[in-house]
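Mind looking over this structure? Questions follow.
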Amino acid sequence: MVTPSREQTTYPVPLVDADRCTGCGLCVQVCPNGALGMNGHKAHVSHPDQCDYAGYCELACPAHAIERPFEIVIVSDKEDER
């Protein structure tokens with residue numbers, strides 16, 4: 001189980017794979033903004049609005065249960081030519 005889904009937020013947040021999460025809490029400890037929390041014995045993004053997407057959680061996770069997906073967006077500097 002991965003939370004939260006991209007449909008639930010309008011900004012990027014790390015994805016936590018609950019099946020891989022061992023509940024060690026290292027990601028919660030290293031998060032400088034308090035965006036992560038524990039739900040039982042699993043990490044989750046409890047305050048997505050506080051996440052700065054720095055990646056400390058991903059680096060700290062020994063189970064590799066956290067990933068930060070990236071999306072490439074190409075924005076044209078020209079006006080829409082219809």
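Counting begins at 1 with the first residue of the sequence.
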K42 side chain to C21 main-chain N or O, any donor-acceptor pair under 3.5 Å?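 Yes; at least one donor-acceptor contact below 3.5 Å.
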Mind checking the SG-CD spacing from C24 to Q29? Nearest 0.5 Å is all I need.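 Interatomic distance, C24 SG to Q29 CD, rounded to 0.5 Å: 7.5 Å.
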Should V45 and M38 be regarded as members of a common hydrophobic cluster, given that ILVMFWY residues are connected when their side-chain heavy atoms come within less than 4.5 Å of each other, either directly or indirectly?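 In one cluster with V45: M38, yes.
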Is it possible for you to say whether V13 and V30 belong to one hydrophobic cluster, with membership spreading through side-chain heavy-atom contacts below 4.5 Å?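 Unlinked, V13 and V30 end up in two clusters.
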Quick one: list whatever passes side chain to side chain contact (heavy atoms under 4.5 Å, CB included) with C61, sequence neighbours left out.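 Side chain to side chain contact (heavy atoms under 4.5 Å, CB included) list for C61, sorted by chain: A63, A65, I66.
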Starting at CD of E58, measure out to CD of E67 and round the result to the nearest 0.5 Å.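 Going from CD on E58 over to CD on E67, the span is 7.5 Å.
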Could you tell me which residues satisfy side chain to side chain donor-acceptor pair (under 3.5 Å) with N33, sequence neighbours excluded, listed by chain and number?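 Partners of N33 by the side chain to side chain donor-acceptor pair (under 3.5 Å) criterion, ordered by chain and then number, come out as D52.
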Interatomic distance, L26 atom CG to C57 atom SG [nearest 0.5 angstrom]: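 Output value for this atom pair is 11.5 Å.
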If I take atom CZ from residue R68 and atom CG from residue L59, how far apart are they, to the nearest 0.5 angstrom?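 It comes to 6.5 Å.
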Are any non-hydrogen side-chain atoms of C51 and P14 less than 4.5 angstrom apart?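 C51 vs P14: side chains touch.
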Suppose we screen for side chain to side chain donor-acceptor pair (under 3.5 Å). Which residues come up paired with R20, at least two apart in sequence or across chains?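 For R20, no residue satisfies side chain to side chain donor-acceptor pair (under 3.5 Å) once neighbours in sequence are set aside.
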